[in-house]
Number of protein chains: 2
Amino acid sequence: MSVGAESIIAVSGSELDSLADIFKAIGDPGRLKIVHSLLARELCVHELAQTVEMTPSAVSHQLRLLRGLKLVKRRRDGQRIFYSLDDAHISTLLSQALLHVREG
Amino acid sequence: MSVGAESIIAVSGSELDSLADIFKAIGDPGRLKIVHSLLARELCVHELAQTVEMTPSAVSHQLRLLRGLKLVKRRRDGQRIFYSLDDAHISTLLSQALLHVREG
DNA sequence: TGAATATATGAACATATATTCATATATTAA
DNA sequence: TTAATATATGAATATATGTTCATATATTCA
């Protein structure tokens with residue numbers, strides 16, 4: 001699904017604030033690593049902690065924030081809780097930003 | 001120009017850090033308002049300050065940061081300095097995030 | 001039940017950061 | 001040159017925030 005550039009012009013103040021919340025969320029290196037790790041497949045907290053080299057506690061704190069913004073969702077499987085992306089647009093977001101980094 | 005979702009999987013650590021810098025930049029409400037204001041047309045510092053309801057000094061500080069990330073560029077016209085977006089991908093970034101906000 | 005594992009959470013702390021204020025620089029006009 | 005306008009910048013401050021640590025909750029297995 002694509003959006004014309006003109007539609008971004010008409011954005012309410014509260015929508016802008018919501019957008020800022022999302023960008024701020026993936027603007028933290030740790031949280032961005034978490035989100036990036038979940039692009040490939042769902043991961044439990046323990047796996048995420050190892051992958052992004054953070055303590056399980058720190059990961060859990062950040063997952064809570066990401067979940068509050070509905071960027072990730074979770075499902076329990078026994079003792080473990082698996083997290084996955086809850087947003088079809090995130091990979092596009094990352095891809096577009098990557099273009100800026102690589103072309104700039 | 002579009003990018004397949006798979007290409008975002010292979011991203012180096014330093015690229016992820018650069019991505020985080022970009023998202024953090026537009027993750028601040030004030031800076032996001034600035035960027036959003038520049039979607040329509042170029043604006044001088046004075047106009048931007050009025051538009052986003054910040055002091056010229058605060059706007060100048062944030063423009064400096066945005067310019068460092070090559071998200072905006074500037075040109076002098078007499079006493080005034082006009083700022084404009086220096087990134088073709090930003091409107092796409094904002095549009096995709098807006099989809100999340102509106103669909104979620 | 002009790003132990004072990006996995007995850008969550010509140011408080012505290014250390015760091016990062018956005019704004020303000022004072023001041024500096026640059027351009028234009030008188 | 002002098003005054004006025006526009007923008008930039010450094011220092012200081014107040015606030016926000018990511019991590020750590022201790023602890024709590026939940027599930028599984030012996």
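For clarity, every value in this text was computed on a predicted model and none was experimentally measured. Residue numbering restarts at 1 for every chain, and letters A, B, ... go by the order of the sequence lines.
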Inset, instruction - Remember a base hit wins even if backbone is also touched, and classify B:F82 as base, sugar-phosphate or nothing at under 4.0 Å, heavy atoms. - result: nothing
Inset, instruction - Name the nucleic acid region contacted by B:R67, choosing base, sugar-phosphate or nothing; use a 4.0 angstrom heavy-atom cut-off, strictly under. - result: nothing
Atom pairs under 3.5 Å: protein N/O with N/O of nucleotides 23-30 of chain C:
residue	atom	partner	partner atom	Å
C:dT27	O2	B:Q79	NE2	3.2

Inset, instruction - Within residues 43-57 of chain A, find the residues that approach DNA chain D with a heavy atom at under 4.0 Å, and present them sorted by residue number. - result: A:M54, A:T55, A:S57
Inset, instruction - Please list, by residue number, the residues of residues 16-38 of chain A whose heavy atoms come closer than 4.0 Å to an atom of DNA chain D; answer none if no residue qualifies. - result: A:K24, A:D28, A:R31
Legend entry - Side chain B:H61 and base D:dT7 donor-acceptor under 3.5 Å: no
Inset, instruction - Anything below 3.5 Å on both distances counts as a pair; with that, list the stems of at least three consecutive Watson-Crick or G-U pairs involving DNA chain D. - result: C:1-30 with D:1-30
Specify the separation, in whole Å, of atom [atom1] of [X] and atom [atom2] of [N].
| X | N | atom1 | atom2 | answer |
| --- | --- | --- | --- | --- |
| B:R80 | D:dA6 | CZ | P | 8 Å |
| A:L66 | C:dT9 | CG | C1' | 16 Å |
| A:I81 | C:dA8 | CD1 | C1' | 8 Å |

Legend entry - Residue-phosphate contact under 4.0 Å: B:Y83 side-chain N/O, D:dA6 OP1/OP2: no
Legend entry - Residue-phosphate contact under 4.0 Å: A:R64 side-chain N/O, C:dT9 OP1/OP2: yes
N/O donor-acceptor pairs under 3.5 Å from side chains in residues 56-65 of chain A, not counting sequence neighbours:
residue	atom	partner	partner atom	Å
A:Q62	OE1	A:R31	NH1	3.0

Legend entry - Salt-bridge present (B:E42, B:R75; N to O < 4.0 Å): yes
Legend entry - A:I34 with A:F82, same ILVMFWY side-chain cluster at under 4.5 Å: no
Legend entry - All pairs passing salt bridge (Lys or Arg N to Asp or Glu O under 4.0 Å) where residues 8-19 of chain A contributes a residue, at least two apart: A:E15-B:R102
